[in-house]
Amino acid sequence: MKEGFILEDELKKLPAKPGVYLMHDRTDEIIYVGKAVSLKNRVRQYFQKSRNVTPKIQRMIERIAWFEYIVTDSELEALVLECNLIKEHSPRYNTMLKDGKSYPYLKASVQEAYPRLLFARQMKRDGSRYFGPFTSGKAIRKTIELVNQLYHLRSCHKKLPGDIGRGRPCLYHQIGQCLAPCQGGVTEEEYQKNFQKALRFLQGDTKEILGELTEKMVSASNDMKFEEAASCRDLIQSIQQVTEKQKITSDDNEDRDIIAVARGGDEAVVQVFFIRGGKMLGREHYYLTGVEEEPDTAVLSAFIKQMYSGTPYIPKEIWTEEEVGDAAAVLEWLSVKRGHKVYFRHPKRGQKERMLELARRNAFMVLTKDAEKLKAERARTIGAMEEIQSLLGMEGLVRVESYDISNINGFETVGSMVVFENGKAKKNDYRKFRIRSVTGPDDYAAMEEMLTRRFEHSRRENLTDEDSFRHLPDIIFMDGGKGQINIAERVLADLQIHVPVCGMVKDDHHRTRGLYFQNQEIPIDTHGQGFRLITRIQDETHRFAIEYHKLIRGKGQVHSILDDIPTIGATRRKALMRHFDSLEQIREADVEELREVPGMNERSAREVVSFFKKREVQDEI
């Protein structure tokens, strides 16, 4: 519980106003974000003894340590804020859209005197006209290339008409694909006529250009100009390929998205058909997690809010099989984003219902195809964590941190921290440490410094959610057995932080045979998913530490001072590093002490002594 937070008092302070509430656990992690028309009524429901909630919400309530809220002026503002906070914090008990995709657009710069067709990742209010979104960037680039070739449009970045006459015409003009407006080869009026034809082509009107090309092909063939005829034939085939992909779905030329959901356990697949101008430009499927025990209306509402909060284009209509939760507020939000009215439709018969059924079948096909893959992924991640929890007799293990030390005979010691959440590596939270206070090969002291710095950092004020040190782990895994466990527990005790520490017990071949937890050795099934997850954590911790150490060495930062001694090569440098515990000892050694190092002769020993004496003089100067 947060210091000074008394549940009964805070519940009494809740205002009867719209807003957003954020539930925190004991580590201050935001585990749920919700909106409410009345914060007072909605938040109090979670803590009423007579409440009737799903097991998922009950598990969430049991983890709540404290809550906070933000008051808004309206339910619409609360919905917008809820979308933003869910996207920013990814709370574990919210239904989450796993795909963070953004779809590209074809941009027509109609505001320019000599317009162009461009590839765009975002739709902006810049006076241009946008087509899309498309699900394939490759398809957009092919379409741009084809249309430029058909209508001889420019693809350069020159500012026309200001740049007319500057430089030479490009290669596209020389091969007959551009009319060279940059050289005054075409008037603005003629160019605009061609560009308007290109826009009609992009809207689906291909009859005119197909007729022209067919006529040219026949004429060229009759005149025995077979290369020109073949070129026209290839262009006709390209146009047919583009138009065949745009399946006609209606004759009303409306923009709409058709959304259908297929569910299986805690996972769901949402299939979306993108209809633009009455044509299906593409389709895409999305994965949702945390849908178990949630009604279809809530799943649809969560998906729509998360999907359309990340895309600049909102269609006029959105078709769904079921009603959408909070429909009135969601529609108001979508309409404000679009700038025009948005409608939910739920077709029940005819061609429209068959389109929804097609989307639903596609969603089930993806879910069925991926069911085994999803099941296997869950077993190796969440299932593995549950197996470890059972072994240790614990609950609620989500975040795991593991640490390792890397050095070469005590030189340039570095440390690594890796993080796994729900059995998956969370690489954004990985951290590297350069050990500052330890000289020589003392891994225990290096580990103590690293852990102290990590957990002291977690107690700083004003840490942001992006700071991985803010979130305390549910458990720490140590690779070094009892010694490292004792160090970790001592650091945590000194800082008054309560996090369990678990170690790995090794066999004679340095392979993990069990876990060491609370002064007991716990055997582990070496063929189970829990053991495999522990192995992955170990391997990842070692890899991250070693790669960091290699990076430092690769930059020439490790032992460069020894490399500067004339007669000391790689072999003698390694021998010096093995013989002495630190660079300081090498600096202070005399000739006789240096002669004891394998491979060192008197000349080399004198070179080392002379080198450091010269450096001392230079430092004094």
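Throughout, numbering of the chain's residues begins at 1 and tracks the sequence.
Side-chain atoms of Tyr46 and Tyr21 form a donor-acceptor pair, as typed in the model, at a separation below 3.5 Å. With 3.5 Å as the limit, one finds no donor-acceptor pair spanning the side chains of Tyr444 and Asn486. Looking only at atom types and distance, the side chain of His24 has a donor-acceptor partner in the side chain of Glu68 under 3.5 Å away. Side-chain N/O atoms of Trp66 and Asp28 include a donor and acceptor closer than 3.5 Å. At a cut-off of 3.5 Å, with distance as the only test, a side-chain donor of Glu449 or Ser437 sits close to an acceptor on the other residue.
No donor-acceptor pair under 3.5 Å is formed between the side chain of Arg263 and the backbone N or O of Val269. In this structure, the side chain of Lys432 does not engage the main chain of Val414 through any donor-acceptor pair within 3.5 Å. Side-chain atoms of Ser390 never come within 3.5 Å of backbone atoms of Glu386 as a donor-acceptor pair (strictly under, hydrogens ignored). With hydrogens and angles disregarded, a donor-acceptor distance shorter than 3.5 Å links the side chain of Glu387 to the backbone of Gly530. Side-chain atoms of Arg431 never come within 3.5 Å of backbone atoms of Ser416 as a donor-acceptor pair (strictly under, hydrogens ignored).
With rounding to the nearest 0.5 Å, the separation of CE in Met504 from OH in Tyr516 is 15.0 Å.
Open room surrounds CD on Gln496; 12 or fewer heavy atoms of other groups in view lie less than 6.0 Å from it. Heavy-atom contacts from other residues, nucleotides or ligands closer than 6.0 Å to CD of Gln520 number 12 or fewer. For Glu293, the CD atom counts as densely surrounded, since its 6.0 Å shell holds more than 12 non-hydrogen atoms of other residues, nucleotides or ligands.
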ring-ring contact (aromatic ring centres under 6.0 Å, His included) evaluation trace for Tyr32 with Phe67 = CA-CA 10 Å; Tyr32 188 79; Phe67 64 81; over 10 Å; no

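A salt bridge does not link Arg536 to Glu540: none of the charged side-chain nitrogens sits closer than 4.0 Å to a carboxylate oxygen.
Aromatic rings of Tyr403 and Phe433 (six-membered ring for Trp) have centroids beyond the 6.0 Å cut-off, not under it.
Considering only heavy atoms from C-beta on, Ser604 stays 4.5 Å or farther from Val597 through its side chain. Between Tyr69 and Val43 the shortest side-chain heavy-atom distance does not fall below 4.5 Å. Two residues are said to be in side-chain contact when any heavy atoms from C-beta on lie closer than 4.5 Å; Met394 and Phe517 meet this criterion.
Evaluated for a side chain to side chain contact (heavy atoms under 4.5 Å, CB included) with Glu401, the options Ile475, Val419, Asp429, Val418 yield exactly one hit, Val419.
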